[in-house]
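Each remark here refers to the structure printed beneath this line.
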Amino acid sequence: MTANTAALLIQHYVDNFRRLPWRAAPGEPAPEPYRVWLSEVMLQQTTVATVRPRFERFVERWPTIEALAAARHEDVLSEWAGLGYYARARNLIACARAVAERGGFPSTSVELRQLPGIGAYTAAAIAAIAFGERAPAVDTNVQRVIARLHRLRHAPREIIEPLLLDMLPAARPGDLIQAMMDLGATICRPRSPSCQECPLRSECAAFASGAPAQFPAPKVKRVRPHRHAAAYWTEWNGQVWLVRRPAKGLLGGMAALPTSEMTETPPRNLNSIGVVRHVFTHFSLDLHIIVASETVGDGWWQPVAGIDEAGLPTLFRRAAELVMSASERRAA
DNA sequence: GACCCGTGGGA
DNA sequence: TTCCCAAGGGT
């Protein structure tokens, strides 16, 4: 069953090939490890539509691992601004410097796994796609597709990996993995999969069950608390005071407006000019924007006209937009 | 294993 | 509007 399933999947991949900036078509030489690595890190929990333009800008600015390794920390974080999960950017720099130091990427999943920001999935994906190793790269797409093929409600990686390994061909195993991720993204979707279009329909136990979307079982969701904080906008001579956040934690290492401590209840007696409501992974935040006359903490003056170059994460970019639209209204 | 860590888009 | 969730990794 598995050999036939793999053949059907590869055929569908070839017939419906989507060209992406980091991908080689079947038959073409494997893409450079640098591009595979960078795209895989960017794609962690992030959609292809979001990543594509950001990937292009990134490789244009830093075409090689050596160039990236030599880049300034702040420049890389600034280029990453808006992509989220900023620990990825911090680990990206550490990884680039380690790889440049050793003279290139290691070629096995075991060695790749040792590098910062490269976990089990990413190590296997790079090894399979860039180096042709039969490494079972299990992401949520692969997990879902295989869980459905085998009608598994519970599908931990220890179960999925050997099932995927059985399907991986010796030649270009990366194509099979990318084929399965494409299938998961376009046909074997989490909700309302379009089984009538699926080349694996006749091989799929979940389809045969009549309720394919029930496999695997949905993740349990947790309640998301709501919090409040204040952010301070201090403007002088056409410039605004920015700070760099602590290296770890929320928005770690990123440029930002100075902020108060977070609280569970709204701040009282605050003369805020507006509120930015923002949703993070594990809590939502009301950021109350306060125009202040004195600077807070260590930082620098950023020209307001050049605020886009500051590399603000989305929360603070929205705060800046709020202030500027408010001042435009006052001027009008 | 639990928790932390962003953001944007689709249904 | 609300909810889901996307090529996960670190601690």
Side-chain angles (χ1 to χ4, degrees), chain A residues 18 20-23 31 35-55 77 80-92 94-95 112-130 135-145 156-158 164 174-186 188-194 213 216 218-227 245-254 256 262 276-285 287 311-318:
Chain A
R18 284 196 303 162
L20 295 168
W22 50 85
R23 192 133 93 171
R35 296 173 72 90
V36 176
W37 163 71
L38 179 60
S39 65
E40 287 296 342
V41 174
M42 278 192 176
L43 285 162
Q44 287 167 8
Q45 302 289 286
T46 310
T47 59
V48 169
T50 298
V51 165
R52 190 200 297 247
R54 305 299 299 263
F55 176 86
L77 290 176
W80 200 273
L83 270 177
Y85 285 136
Y86 299 99
R88 294 186 295 173
R90 289 179 254 133
N91 287 326
L92 196 79
C95 184
L112 287 161
R113 178 68 183 79
Q114 308 302 316
L115 291 165
I118 299 184
Y121 162 75
T122 304
I126 298 170
I129 295 167
V138 178
D139 74 327
T140 56
N141 288 303
V142 171
Q143 193 253 2
R144 182 173 61 258
V145 170
R157 205 161 51 86
E158 313 84 75
L164 173 60
D175 284 352
L176 189 283
I177 287 164
Q178 292 176 88
M180 201 171 288
M181 293 193 288
D182 278 13
L183 191 83
T186 61
C188 195
R189 298 181 297 257
R191 291 175 291 186
S192 61
S194 51
K219 303 177 184 79
V220 291
K221 60 169 182 179
R222 286 176 23 208
V223 292
R224 183 156 31 211
H226 188 66
R227 295 174 183 154
R245 292 179 59 82
K248 294 182 179 176
L250 189 74
L251 308 176
M254 300 302 289
M262 284 193 288
V276 174
R277 180 158 292 181
H278 194 74
V279 179
F280 293 100
T281 306
H282 56 295
F283 70 97
S284 56
L285 178 70
L287 188 67
L312 293 176
T314 298
L315 172 67
F316 295 108
R317 186 172 54 74
R318 296 253 163 81

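Quick note on labels: first sequence line is chain A, next is B, and so on, each numbered from 1.
- Between the side chains of A:Asn141 and A:Arg144, at least one donor N or O sits under 3.5 Å from an acceptor N or O.
- Between A:His282 and B:dC3, a side-chain N or O to OP1/OP2 separation shorter than 4.0 Å is absent.
- Within the structure, a side-chain polar atom (N or O) of A:Arg318 is placed less than 4.0 Å from OP1 or OP2 of B:dG8.
- Across C:dC5 and B:dC5, the matching C1' atoms stand 15 Å from one another, rounded to whole Å.
- Across the C1' atoms, B:dG8 and C:dT1 are found 16 Å apart, a figure rounded to whole Å.
- For A:Arg54, no side-chain nitrogen or oxygen approaches OP1 or OP2 of B:dG6 to under 4.0 Å.
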Heteroatom pairs (N/O) under 3.5 angstrom, protein to nucleotides 5-9 of chain C:
unit_1	atom_1	unit_2	atom_2	d
C:dA6	OP2	A:Thr140	OG1	3.4
C:dA6	N3	A:Gln45	O	3.4
C:dA7	OP1	A:Asn141	ND2	3.1
C:dA7	OP2	A:Asn141	OD1	2.8
C:dA7	OP2	A:Asn141	ND2	2.8
C:dA7	O5'	A:Asn141	ND2	2.5
C:dA7	O4'	A:Asp139	OD2	2.9
C:dA7	N7	A:Glu40	OE2	3.1
C:dA7	N6	A:Trp22	NE1	3.1
C:dG8	OP2	A:Gln45	N	2.9
C:dG8	OP2	A:Gln45	NE2	3.1
C:dG8	O3'	A:Thr122	OG1	3.4
C:dG9	OP1	A:Gly119	N	3.0
C:dG9	OP1	A:Thr122	N	2.9
C:dG9	OP1	A:Thr122	OG1	2.4
C:dG9	OP2	A:Tyr121	N	3.4

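- Residues A:Leu115 and A:Cys95 approach most closely at CB-SG, 3.8 Å, considering heavy atoms.
- Proximity of A:Val279 to A:Arg224: side-chain heavy atoms (C-beta onward) are separated by under 4.5 Å at one or more points.
- Contact annotation: A:His278 does not reach the phosphate of B:dG6 (side-chain N/O to OP1 or OP2, under 4.0 Å).
- Across the protein-nucleic acid pair, A:Trp80 atom CH2 and B:dT7 atom C1' stand 13 Å apart, rounded to whole Å.
- Nucleotides B:dG1 and C:dG9 have their C1' atoms positioned 15 Å apart, rounded to a whole Å.
- At the phosphate of B:dG6, neither OP1 nor OP2 sits under 4.0 Å from any side-chain N or O atom of A:Arg317.
- Look at CG on A:Leu315: it is 11 Å from P on B:dG6, rounded to the nearest Å.
- Comparing B:dG6 with C:dC4, their C1' atoms are spaced 15 Å from each other, to the whole Å.
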Apply ring-ring contact (aromatic ring centres under 6.0 Å, His included) to A:His278 and A:Phe280, showing your working.
CA-CA 7 Å; A:His278 194 74; A:Phe280 293 100; 4.8 Å; yes
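- Geometrically, A:Arg227 engages A:Phe283 in a cation-pi contact defined by less than 6.0 Å to the ring centre and at most 45° from the axis.
- In this model, a donor atom of one side chain and an acceptor atom of the other lie less than 3.5 Å apart for A:Tyr121 and A:Glu40.
- Exactly one of A:Val48, A:Leu43, A:Thr50 qualifies for a side chain to side chain contact (heavy atoms under 4.5 Å, CB included) with A:Thr46. That residue is A:Thr50.
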